[in-house]
Structure formats: C-alpha cells, structure tokens
Amino acid sequence: MTEHEATGDAGIRTVAPLRVADPWYDELASGPAVEAAGPGTDGEPYEPPSRRNGPAGAPTYSEPGRDAAAGERAAVYLAVQQSAEFQWVRRSHRRFVFPATAGFLVWYLLYIVTATAFPALMATPVGEGPLNIGILAGLAQFLSTALLTWAYVHNASRGRDRAAFELRWETQLRTRQVGR
C-alpha cells in the first residue's frame, strides 16, 4: 500500500487525492476566483499567468536576460527562413503538394457528385459478380490514396527531406549557441 492509499471501514481500500507539484497549474483558472487577492488589483498591472513566476517561485520564460536571447533566437529563425535553401525546400514542397491536393480533391468530389447525381450509373454491374461501378470507384479511392502517399514519400526523399533536416539541424545549433 502506498502513502496515499488508506484502508477504510470493512477493509475497503480508498485512495486519498495525491498532490503533485504541477508547473502548469494556474490557480486563477482552476480554483475559485478571489477578486481581492488576484493580480491586477491595488493598481498593480495585470500580467497573464505565463509571464508570472510558476509554483514555488519557479522562474518562467520572462526572467531578466531571457527576453534578449529569445529575440536573438527569433533572428536566427528569420535568417534561416530567408535563406535560399529554405526557399528551395518550401518551393519544392508546394510544387508537389498543391497540384496533388487539387487533383485528389477533384477526384474525390467527382466520386461523391457522381454517386449522388447518377446512382443508376454507379449501380451498373461489372461482370457477373456483385461488383458495380460504385464499389470499384470507392476502392479506387483507397488505391489513389496509397499511390498519392507513395508519390509524396518518393518526391520528398529525392532531396527535400535531407535539405529540410540539414536546415533544422543548423537552426538548432545556431539557437543553442545564442542561449549560451
């Protein structure tokens, strides 16, 4: 039996609430609001909970000296975003994703509209079995999804993923150096 378990009457085991120091706990959001004790009273400017110190005085991201580093990290991300390598990765991704998405949506909507507007056409039997055009077109939706997934993976693995990984690695190294 752990510390927070207790045996009650008739040997029935009950569990007392376990208190854990939760750094995300915000007393104002989860507990009863007390107007007089809350921030923003007595002429004190209101700061959102994320900018105040956490439980037991644990510092948050807004401690002195950290805001300057955050600005420098933002500058690193902006420089990477404006680099030719990032623009190539982004352009390559969009060149594949936008036409593929448009084509797939047209194919999917064509299937839905045809099934709704022309049910007799979709019910036309194919061969002598239980298959009809609607079932085959529905199965073709699954096949086209698998083919589109394969095409995306193939397209990305031809160089875009490696370039994106290198950019992410460089960004992490540069932001880590800013924090020191």
Side-chain angles (χ1 to χ4, degrees), residues 15 17-18 20 22-33 46-52 54 60-62 66-67 69-179:
V15 178
L18 180 65
V20 178
D22 184 4
W24 300 105
Y25 178 74
D26 181 13
E27 186 174 315
L28 291 176
S30 61
Y46 175 76
E47 287 189 56
S50 61
R51 297 192 58 89
R52 296 191 302 262
T60 60
Y61 71 91
S62 64
R66 303 252 345 218
D67 289 335
E72 291 175 22
R73 280 192 299 274
V76 167
Y77 280 102
L78 185 60
V80 168
Q81 182 183 9
Q82 294 171 346
S83 71
E85 295 87 6
F86 182 84
Q87 295 303 321
W88 178 83
V89 168
R90 188 173 176 187
R91 200 170 34 253
S92 172
H93 181 260
R94 287 181 174 184
R95 242 190 337 253
F96 179 83
V97 169
F98 288 157
T101 302
F104 186 79
L105 285 176
V106 166
W107 160 235
Y108 176 72
L109 291 175
L110 179 68
Y111 170 71
I112 297 295
V113 168
T114 305
T116 305
F118 305 106
L121 172 68
M122 297 298 264
T124 304
V126 175
E128 294 190 21
L131 296 178
N132 60 25
I133 292 176
I135 290 175
L136 291 178
L139 291 174
Q141 290 287 319
F142 289 106
L143 179 64
S144 65
T145 302
L147 287 174
L148 186 61
T149 302
W150 173 83
Y152 177 81
V153 169
H154 179 72
N155 179 275
S157 67
R158 288 190 308 176
R160 188 177 67 232
D161 280 352
R162 179 169 295 284
F165 177 75
E166 289 172 1
L167 280 170
R168 183 175 59 202
W169 187 262
E170 175 188 345
T171 304
Q172 293 300 313
L173 289 176
R174 289 171 63 184
T175 56
R176 202 171 287 147
Q177 290 171 355
V178 166

Minimum heavy-atom separation for [X] and [Y], please, with both atom names.
X	Y	result
Arg94	Pro99	O-CD, 3.7 Å
Leu131	Leu136	CD1-CD2, 4.1 Å
Ala100	Leu148	CB-CD1, 3.6 Å
Trp107	Ala140	CZ2-CB, 3.8 Å
Gln87	Gln81	NE2-O, 2.6 Å

Requested in this report: Give me the ring orientation class for Tyr152 and His93: parallel if the planes are under 30° apart, tilted from 30 to 60°, perpendicular past 60°.
Outcome: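 Taking His93 first and then Tyr152, their aromatic rings stand perpendicular (interplane angle over 60°).
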Query raised in the report: Would you call the rings of Tyr108 and Tyr111 parallel, tilted or perpendicular if under 30° counts as parallel and over 60° as perpendicular?
Result: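 Geometry flag for Tyr111 against Tyr108: tilted rings.
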Which distance, rounded to the nearest 0.5 Å, do you find between the [atom1] of [X] and the [atom2] of [Y]?
X	Y	atom1	atom2	result
Glu85	Glu166	CD	CD	9.0 Å
Met122	Thr114	CE	OG1	6.0 Å
Phe86	Glu170	CZ	CD	12.0 Å

Hey, is the main chain of [Y] close enough, under 3.5 Å, to the side chain of [X] for a donor-acceptor pair?
X	Y	value
Gln172	Leu167	no
Ser144	Gln141	yes
Ser92	Val89	no

Requested in this report: Would you mind reporting whether Val80 and Arg174 have side-chain heavy atoms less than 4.5 Å apart?
Outcome: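 A side-chain contact exists here, since the closest heavy-atom pair is under 4.5 Å.
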Query - Partner of Phe104 by side chain to side chain contact (heavy atoms under 4.5 Å, CB included), out of Leu147, Thr145, Leu109 - result: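 For Phe104, the side chain to side chain contact (heavy atoms under 4.5 Å, CB included) test succeeds with only one of Leu147, Thr145, Leu109, which is Thr145.
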